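Shown next, in structure tokens, is the structure this report addresses.
Keep in mind the model is a prediction, meaning the values are calculated, not measured. One-based numbering, in listed order, for ligands and for the atoms of each.
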Amino acid sequence: MSTTSPSSLVRSVIAAVPLLLQLVVVDAQGASSLPKIRILATGGTIAGAQAKGQDAGYKAGSFNVDDLINAVPTLKHLAVITGEQVVDIGSQDMNNEVWLQLAKRVNAALAQSDVDGVIITHGTDTMEETSYFLNLVTKSDKPVVMVGSMRPATAIGADGPANLYNGVAVATHPGAKGRGVLVLLNDEIHYAREITKTNSTQLDTFKSPNRGKAGMTNAGRVYWYDPLAAKHTSRTVFSVQGMDQLPRVEIFYAHANMGRDFIDHAVKLGVKGIVIAGVGDGNMTRVAVDGLQEAVKKGVAVVRSSRTGSGITDRNVELNDDKLGFIASIELNAQMARVLLMLGLTKTRDTDALQKLFYEY
Ligand code: DGL
């Protein structure tokens with residue numbers, strides 16, 4: 001007669017857990033009832049490889065989307081994952097054309113009834129700009145979560161797999177719907193509009209200095225904070241449909257002794273907009289102001305933002321924006337202001353209408 005000891009019973013129950021999990025997630029038709037997540041990969045450090053262990057140097061975008069998915073086998077407990085490689089670049093090479101291509105892919109994926117949310121793997125260098133661009137042109141309330149890493153995939157303590165797992169946990173969480181594009185790194189959830197990269201190497205590089213984080217994750221559990229106040233995704237006036245280029249907008253960084261030669265040159269090159277990363281509250285030298293005032297007269301949209309990294313760049317403080325014809329970036333830093341100005345210029349050249357966008361988005 002066979003007997004079952006308490007310890008072997010425990011072992012059998014533990015052994016049966018994976019089978020039970022599978023039974024839970026497969027419905028009568030044999031289809032999984034787990035959410036369906038599409039991962040769009042673009043390269044970055046999360047897909048980076050060192051030539052040898054311990055190297056500080058590495059090549060971004062060395063692994064493809066399937067490698068990233070296969071590196072985190074537990075993803076299959078959260079979602080049915082499909083992957084697509086959109087581009088394979090370090091995000092320092094991100095450009096307007098790839099943004100348009102990526103935005104179209106995101107919208108196409110989210111329009112599919114068999115996709116419940118999108119994850120985008122991306123380098124952290126320009127993640128804030130890409131995420132804010134997508135936040136303005138994605139036409140869906142389904143979750144979009146951008147995930148990166150600070151350490152390459154081959155590094156000791158690589159952070160990519162945990163970030164990807166938490167990113168999928170966020171994208172499959174009911175609270176993610178309608179929050180706009182989110183960024184997940186280092187157990188923190190950020191709103192695309194709020195983040196900025198603040199440290200060149202540390203894991204806690206992303207901060208949301210003005211309005212704070214969207215939430216936190218803890219081993220796949222998701223905790224939400226306040227919703228985003230600004231308009232986003234399906235509530236914006238912007239669309240990339242049929243668009244194959246964006247108006248040229250350049251950024252100039254203000255500093256002591258700033259001249260106007262490069263501003264004049266940009267105007268000659270035919271830029272449609274100039275964003276100044278101003279000192280303090282969006283200030284710059286008198287000579288630079290003169291150059292920009294002439295630029296405005298020639299039809300160039302000029303936005304003043306701040307190089308300080310946080311705070312509000314408001315209208316008519318030390319400079320008379322009404323008289324000069326300048327636009328104030330309000331809460332956006334220079335790189336985010338460039339994104340909004342490019343999209344704004346696809347809709348209007350009117351200064352007041354452009355200023356209104358900076359209050360709204
Ligand atoms: N060059 C970088 C990029 O792809 C590396 C930084 C990162 O991905 O974290 O943005």
Is there a nitrogen or oxygen of [X] sitting under 3.5 Å from a nitrogen or oxygen of ligand 1?
X	answer
His122	no
Gln92	yes
Asp125	yes

Arg304/Asp281 salt bridge by N-O under 4.0 Å criterion | no
Cluster link Tyr253 to Leu292, ILVMFWY, side chain under 4.5 Å | no
Heavy atom of the protein closest to [atom] (residue, atom name, distance):
atom	result
atom 9 (O) of ligand 1	Thr124 OG1, 2.5 Å
atom 10 (O) of ligand 1	Ser91 OG, 2.4 Å
atom 7 (C) of ligand 1	Thr45 OG1, 2.7 Å

Ligand-residue contact atoms, ligand 1 with Tyr58, heavy atoms, under 4.0 Å | 5 (C), 6 (C)
Gly90: numbered ligand 1 atoms lying under 4.0 Å from its heavy atoms | 4 (O)
Are any non-hydrogen side-chain atoms of [X] and [Y] less than 4.5 angstrom apart?
X	Y	value
Tyr191	Leu182	yes
Ile330	Gln355	yes
Met150	Leu185	yes

Any Ser149 heavy atom less than 4.0 Å to ligand 1 = yes
Name the orientation class of the two ring planes belonging to Tyr361 and Phe238 (parallel below 30°, tilted from 30 to 60°, perpendicular beyond 60°).
-> tilted
Taking everything shown except His265 itself, do over 12 heavy atoms lie less than 6.0 Å from its NE2?
-> no
